[in-house]
Protein chains: 2
Amino acid sequence: MQIMDKKSPIHITISERDDSVTITQWVYQTLRNAVMYGEILPGRALTIRELAGILDVSPMPVREALRQLAAENALEIQGNRRVMVPKMTAMKFSELCEARIAIESHAAARALPYIDRDQLSQLRALDSLIDEAQEEKNLAQISTLNQNFHRALYTANPHQVTLPLIESLWLQLGPFMRLATSQLEEHYLVDRHNEAMTAIEKKDAFALQIAIAADIREGIAFAGTPEMLHAFIENAGT
Amino acid sequence: MQIMDKKSPIHITISERDDSVTITQWVYQTLRNAVMYGEILPGRALTIRELAGILDVSPMPVREALRQLAAENALEIQGNRRVMVPKMTAMKFSELCEARIAIESHAAARALPYIDRDQLSQLRALDSLIDEAQEEKNLAQISTLNQNFHRALYTANPHQVTLPLIESLWLQLGPFMRLATSQLEEHYLVDRHNEAMTAIEKKDAFALQIAIAADIREGIAFAGTPEMLHAFIENAGT
DNA sequence: AATAATTGTTTGTGATCACAAAAGTAAGTT
DNA sequence: AACTTACTTTTGTGATCACAAACAATTATT
């Protein structure tokens with residue numbers, strides 16, 4: 001079997017496969033990361049057999065992973081049964097950001113009563129890690145740690161129901177955030193986590209919501225000016 | 001092959017299969033409805049082969065449908081790889097309701113600017129249908145129409161991103177709403193849709209959010225007093 | 001009789017095959 | 001040259017099989 005490259009070649013970062021997880025799970029994580037990091041261009045048709053060839057697995061696990069990612073809105077199944085990373089528009093991007101703000105500020109407020117000393121120190125640790133990464137201007141690291149910070153905050157609520165929804169939004173925004181930030185040379189990022197931390201310590205739900213909303217908004221702004229984002233998003237994947 | 005009934009027997013309402021949809025899609029819809037209408041008890045282990053036998057299809061489409069439903073949080077895959085309808089707790093139920101209010105009121109406000117004359121009349125039609133169903137005390141009909149009303153409202157926004165998340169929440173609450181309402185004999189339901197309609201006509205986003213939030217809250221209250229819900233939810237599936 | 005070891009069964013996972021629909025390609029027509 | 005038509009290839013879907021892990025039941029052991 002020869003290498004197929006019907007359209008643009010796909011490069012997917014492949015990590016070590018752990019025998020403790022099923023092949024389907026590994027494929028799922030691999031493809032999820034590929035989507036999240038913008039390694040797959042929006043609109044590029046993904047076929048089961050091609051991915052199976054790239055990942056060196058049988059078509060079956062790929063099939064299952066694709067269906068799962070589609071159910072999480074990370075991929076889109078068209079009427080023709082073609083699977084692809086959904087194309088983005090400026091309006092949709094905006095809606096995703098607003099949805100993030102609405103849901104995450106709600107999740108933060110709902111988690112607040114459950115934050116005890118241990119979780120507070122865990123958040124503090126993540127906060128200082130972010131500060132370090134910021135000095136080193138390590139973009140990928142900042143993004144990852146930022147996500148971890150948010151996740152840690154929301155999961156303090158033991159009766160968690162919003163995190164899967166939030167992760168779905170991250171997954172949909174991910175590729176375009178990464179693509180956009182990779183185009184920039186200078187990054188301005190005000191650290192709103194400190195504000196969030198003090199709000200948490202004071203158990204001030206409203207202040208926490210403000211801080212989270214600001215953090216998300218500036219995380220977007222961090223990806224560029226609205227004009228840049230607009231121009232970039234609409235042209236992604238062409 | 002004999003009838004299996006390892007535990008409690010499962011009765012799933014089976015609809016006609018349309019040849020224009022794939023078997024997987026049909027199985028997905030059938031199982032989704034079964035979950036939504038509380039036909040599958042929480043905690044009951046679902047096996048691929050058993051469902052395949054019940055639905056008279058091969059295991060493959062069931063496999064895919066189960067994975068998709070699990071990705072939508074309608075089903076839960078345990079560590080043991082066992083699949084089941086997630087068990088509910090009063091706290092989780094409460095979190096789901098609060099999440100509904102937060103997200104749906106946001107979705108409503110975001111949809112408001114896009115509602116034109118056609119959509120308004122469509123909403124009005126649904127509203128009067130609900131009024132009719134309410135006089136006939138047709139519970140199932142009311143629930144379905146109520147969902148259609150909310151869906152119609154949110155989908156007015158052409159850059160829709162929240163509906164899949166909202167549907168996921170409906171799916172998680174569905175079984176317990178149905179189970180709870182089926183226990184009641186008397187139902188009190190104030191129609192908040194009229195309030196929503198006037199808010200829409202006035203393009204008053206804040207009033208609309210209030211109306212939607214109230215509608216959701218009373219839809220829950222409609223399912224019984226908090227004590228009843230609590231007692232019922234915790235015992236469901238035993 | 002209670003617990004541990006063993007055997008038999010069921011189950012999810014993954015691989016492979018068959019097939020119809022879709023997409024791509026080449027030849028033929030206007 | 002633009003479009004249609006016929007043919008070839010590719011692709012998703014679904015069925016079936018093999019296998020190891022999980023589960024259930026039975027037997028053996030203390």
Side-chain angles (χ1 to χ4, degrees), chain A residues 1-10 14 17-32 40 43-71 74-86, chain B residues 1-10 14 17-32 40 43-71 74-86:
Chain A
M1 176 79 66
Q2 284 292 89
I3 298 167
M4 304 190 210
D5 52 348
K6 289 305 266 276
K7 294 176 69 181
S8 57
I10 298 180
I14 297 177
R17 183 176 353 162
D18 185 354
D19 282 354
S20 69
V21 301
T22 63
I23 298 179
T24 300
Q25 285 172 312
W26 177 81
V27 171
Y28 166 77
Q29 268 301 334
T30 304
L31 291 180
R32 189 184 201 277
I40 305 175
R44 170 69 156 82
L46 298 179
T47 66
I48 295 175
R49 286 171 173 89
E50 183 188 12
L51 291 173
I54 293 174
L55 302 178
D56 194 32
V57 295
S58 91
M60 188 62 66
V62 176
R63 228 164 110 174
E64 306 247 325
L66 288 183
R67 185 167 292 274
Q68 187 170 346
L69 287 165
L75 298 177
E76 186 180 287
I77 305 182
Q78 295 179 300
N80 2 340
R81 297 170 178 171
R82 270 272 151 78
V83 176
M84 60 179 209
V85 175
Chain B
M1 175 79 67
Q2 284 293 89
I3 298 167
M4 305 189 210
D5 53 347
K6 290 307 264 277
K7 294 176 69 180
S8 57
I10 297 180
I14 297 177
R17 183 176 352 161
D18 184 354
D19 283 353
S20 70
V21 301
T22 63
I23 298 179
T24 300
Q25 286 172 311
W26 177 80
V27 170
Y28 166 77
Q29 268 301 334
T30 303
L31 292 180
R32 189 183 200 277
I40 304 174
R44 170 68 156 83
L46 298 178
T47 66
I48 294 175
R49 287 171 172 91
E50 183 188 10
L51 290 174
I54 293 174
L55 301 177
D56 194 31
V57 295
S58 90
M60 188 60 66
V62 176
R63 230 165 108 173
E64 305 246 324
L66 287 183
R67 184 168 294 273
Q68 187 169 346
L69 286 165
L75 298 177
E76 187 180 287
I77 305 182
Q78 293 178 301
N80 358 338
R81 296 171 179 172
R82 272 273 152 78
V83 176
M84 60 179 209
V85 175

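The chains referred to below are lettered A, B, ... by the order of the sequence lines, with proteins before strands, and numbering in each begins at 1. The structure presented is a predicted model; accordingly, all values stated were derived computationally and were not measured.
Of all non-hydrogen atoms in B/Thr22 and A/Arg81, the two that sit nearest each other are CG2-NH2, 3.9 Å. The two residues A/Leu75 and A/Leu46 make their nearest non-hydrogen contact at CD2-CD1, 4.1 Å. Considering all non-hydrogen atoms of both residues, B/Trp26 and B/Ile14 come closest at CZ2-CG2, 3.5 Å. Across all their heavy atoms, A/Arg17 and A/Asp56 have their closest contact at NH2-O, 4.2 Å. Closest of all the heavy-atom pairs between A/Pro61 and A/Ile23 is CG-CG2, 3.6 Å. Scanning both residues, B/Glu76 and B/Pro86, for their nearest heavy atoms gives OE1-CB, 3.5 Å.
The distance between atom CG of A/Leu46 and atom C1' of D/dG12, rounded to the nearest whole Å, is 14 Å. Across the protein-nucleic acid pair, B/Met84 atom CE and C/dG12 atom C1' stand 17 Å apart, rounded to whole Å. One atom, CZ of A/Arg49, and another, P of D/dG14, lie 14 Å apart when rounded to the nearest Å. Regarding B/Ile48, its CD1 atom lies at a distance of 14 Å from the C1' atom of D/dA21, rounded to whole Å. Computed from coordinates, the B/Arg17 CZ to D/dT13 C1' distance equals 13 Å when rounded to whole Å. Summarising the geometry, the separation between CD on B/Glu50 and P on C/dG12 is reported as 10 Å, rounded to the nearest angstrom. One can place CG of A/Asp56 at 14 Å from C1' of C/dG14, the figure rounded to the nearest angstrom.
Less than 4.0 Å separates DNA chain C from at least one heavy atom of each of the following residues of residues 59-66 of chain B: B/Met60, B/Arg63. For the segment residues 20-30 of chain A, no residue has any heavy atom less than 4.0 angstrom from an atom of DNA chain D. Listed by residue number, the members of residues 75-83 of chain A with any heavy atom below 4.0 angstrom from DNA chain C are A/Asn80.
To the nearest 0.5 angstrom, A/Met84 atom CE is 12.5 Å from A/Ile40 atom CD1.
The closest side-chain heavy-atom distance from B/Gln68 to A/Gln68 is not below 4.5 Å. Taking the side chain as every heavy atom from C-beta outward, B/Leu69 and B/Arg32 approach each other to under 4.5 Å. In this structure, B/Asp18 and B/Gln29 have side chains that are not in contact, with every pair of non-hydrogen atoms separated by 4.5 Å or more.
Looking at B/Asn80, its side chain never comes within 3.5 Å of a backbone N or O of B/Arg82 through a donor-acceptor pair.
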